[in-house]
Novice: 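I'd like to ask you about the structure that follows.
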Amino acid sequence: MRLLRRNALGVYGVYAAAIVSGLVVTPIVVHALGKDGYGAWSFIGAATIYLSVLDFGLGPAIVRFAAEARGRGVDRDLNEIASSGLALYGVIGLLSLPLGIALAWVLPPLTHVPHHLTWDTRVATVLVVLSLALRFPLGLFNNLLVAQQRWDLQNLGNFVGTVLYAVLVAALLPHTGGLVLLAALTLATSLVRLALPLAWLRRELPGLRVRRQLVTRPRIRELTAFGSSNFLVHVAQKIVFSTDVIVVGIVLGVRPAAVYGVASKLFALAFGLGTAATSLMFPAFAELEGADAREQQRRLLLSGLRAGSALMLLLALPLLLIPDLLIHAWIGAGYRGSYAVTAILAGVLLVHQPIYVLTQFLIARARQREVAMVSIVTTGVNLGFSFLLAWVWGIKGVAVSTLVTDALMLVWIVPRYAAPAAGVGAGALARALVRPAVPGAIGAGLVLVALARWWSPGSLAALAPLGVLWVVVCIGLVWSFGLAPSERERFRAELVRGRVAQPSVADTY
């Protein structure tokens, strides 16, 4: 993989900036806009985010085919992909504008916005929709850079945009606050975020040519067919991870939904941190597919499963073993019902991480239809079981439904799709997943069970030293016993020394 150290650091740098920005910006926006204004702004964000699905999975399709063209070293294919993708994104961007204008018109009466905020709400909605519409064509070139494994450039744009937004909001909003200004800042910083990486586009892709004559029907059909399956996978994942709280609220009421929401917040944070690094593998898989480098692709898959499992163990085991200590230290008493739900969702994290890696691998291998089919079926079963178990077992039943259906999905796709596509046995994939679990479990027993229960910290400040110790012990044990020797050398070369290490024939499963 190219620039692994830089890309990984960039991903987590953006996460850190987003967390800090949220902590700083949210109270400023709340106080500057007031309850009515902040309510309108929250609804604008919630309503317009659905327009982002108009991408229809085109972004991952462009990344996949552009990375494959890089692996084959064919510039003309890359230019056809870029030209056809820009044409599709242009149409999508134009379609989103009338939808946004219609939304801007109906949103104030729909949400009972006070009369004095009606036009501000409409103008703000149009500006936010415009930022989404511009994201489609400009996002094409960011996707081309991602296909070159230049995640660092996209991360740079995201980091600068996030920091700039926080600074401008803090400096301007308290003095000249209003919905329109906030939306204008959103539009301006979105343009910075999307445009900044383009400064490196010519250097990374000197042969890139976007021409109308390179827009071909076969290429458009290829991108849309591939993208539609990715779209279904994306929608299925969104439904699975975003509707649990809704199910709890519908079946059990608002208070149980709040209890489940606490566990869901911890789950979402761990899931984002755990999958951010493994998302870097997708363009690498696709590039190796284009180069017909099956052996290297197989090695990358096995290493990715081991490394991804190790990373998720680091994040999930505290949620599994000491959820009561974490939640009590975080928000205090009154959320005892969240403890069991958090532990169950920690199991979901451990199961879904390999699904996430295998899904990227299968999509890179052009097996996206199988993934989409399994994802849709799993989502439907999960929703049905969630409602049923919510009636029978309460909020724990909803979490159990997600865990069981995710486990069934993993058991199904490993022998049926992933192992044949990788050219290895299902046992090899299973061993790659299990190997980091043993040293991780030993470390968890010492730190998270014995020491944590003896110490019983009651605040975040008291938990901090325990967390640092857990990170050190877990990384040390997994590094020494959970990875193959050749993998340790490769990760050391790429993460510590900053160079790409060649795969060794001594890699083991």
Side-chain angles (χ1 to χ4, degrees), residues 21-22 25-56 89-137 139 165-166 168-170 172-191 193 231 234-235 238-239 241-258 260-261 264-265 268 383 387:
S21 174
V25 166
T26 300
I28 294 174
V29 173
V30 169
H31 288 102
L33 299 183
K35 288 185 178 180
D36 290 334
Y38 184 69
W41 178 249
S42 299
F43 198 87
I44 290 170
T48 55
I49 196 64
Y50 285 100
L51 294 177
S52 65
V53 303
L54 290 175
D55 177 87
F56 293 114
Y89 269 142
V91 172
I92 292 172
L94 290 174
L95 287 176
S96 66
L97 289 176
L99 292 175
I101 292 172
L103 178 64
W105 187 260
V106 303
L107 194 149
L110 184 66
T111 56
H112 307 290
V113 170
H115 181 71
H116 70 281
L117 290 176
T118 297
W119 280 103
D120 283 358
T121 301
R122 286 173 174 160
V123 173
T125 303
V126 170
L127 291 174
V128 173
V129 170
L130 182 59
S131 69
L132 289 172
L134 292 173
R135 193 190 72 177
F136 293 121
Y165 177 77
L168 290 176
V169 168
L172 300 178
L173 200 64
H175 308 291
T176 56
L179 284 171
V180 176
L181 174 62
L182 191 59
L185 294 178
T186 300
L187 172 60
T189 53
S190 295
L191 288 174
R193 177 174 60 84
F231 172 72
H234 179 70
V235 169
K238 283 288 185 184
I239 291 174
F241 293 138
S242 63
T243 57
D244 280 1
V245 175
I246 296 175
V247 170
V248 172
I250 292 173
V251 177
L252 301 172
V254 176
R255 288 193 174 183
Y260 196 99
S264 182
K265 286 287 187 182
L383 282 175
F387 278 102

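Note that the coordinates shown come from a computational prediction; the quantities given were computed from them, not determined experimentally.
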Novice: Do L173 and L182 have side chains that get closer than 4.5 Å, going by heavy atoms?
Specialist: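 Yes - at least one pair of side-chain heavy atoms lies under 4.5 Å apart.
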Novice: Please name the pair of heavy atoms, one in P174 and one in V169, separated by the smallest distance, quoted to 0.1 Å.
Specialist: CD-O, 3.3 Å
Novice: Measuring from atom CD1 of I28 to atom CG of L33, what distance do you get when rounded to the nearest 0.5 angstrom?
Specialist: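 One finds 11.0 Å between CD1 of I28 and CG of L33.
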Novice: Taking all atoms of both residues into account, what is the closest heavy-atom pair of A184 and L127, and its distance?
Specialist: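 Of all heavy-atom pairs spanning A184 and L127, the closest is N-CD1, 3.9 Å.
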Novice: Please examine the side chains of I250 and F387, heavy atoms only from C-beta on, and report whether any two atoms are closer than 4.5 Å.
Specialist: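 In short, these two side chains touch, coming nearer than 4.5 Å.
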Novice: To the nearest 0.5 Å, how far apart are CG in L134 and OG in S96?
Specialist: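 It comes to 8.5 Å.
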Novice: Keeping the roles fixed (side chain from T189, backbone from L185), state whether a donor-acceptor pair exists under 3.5 Å.
Specialist: yes
Novice: What distance separates L99 CG from L132 CG, expressed to the nearest 0.5 Å?
Specialist: 11.5 Å
Novice: Could you tell me how the ring of W105 sits relative to the ring of W119: parallel (under 30°), tilted (30 to 60°) or perpendicular (over 60°)?
Specialist: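 If you compare the ring of W105 with that of W119, the planes turn out perpendicular.
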Novice: For a quick test of reading the model, state the closest non-hydrogen atom pair linking A104 to R122 and the distance between them.
Specialist: O-CG, 2.8 Å
Novice: Minimum heavy-atom separation for L179 to G37, with atom names?
Specialist: CD2-O, 3.5 Å
Novice: What distance do F136 atom CZ and L94 atom CG have between them, rounded to the nearest 0.5 Å?
Specialist: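 It comes to 11.0 Å.
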Novice: Find the distance between OG1 (T186) and CG (L168) and round it off to the nearest 0.5 Å.
Specialist: 10.5 Å
Novice: Return the set of residues passing side-chain contact (heavy atoms from CB on, under 4.5 Å) with I101 (not counting sequence neighbours), or none when no residue passes.
Specialist: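 Not a single residue meets the side-chain contact (heavy atoms from CB on, under 4.5 Å) criterion with I101.
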Novice: Identify the heavy atoms of G93 and A133 that sit nearest to each other, and give their distance.
Specialist: O-CB, 3.7 Å
Novice: Taking the side chain as every heavy atom from C-beta outward, state whether V128 and L187 have any atom pair closer than 4.5 Å.
Specialist: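 No, too far: nothing below the 4.5 Å cut-off.
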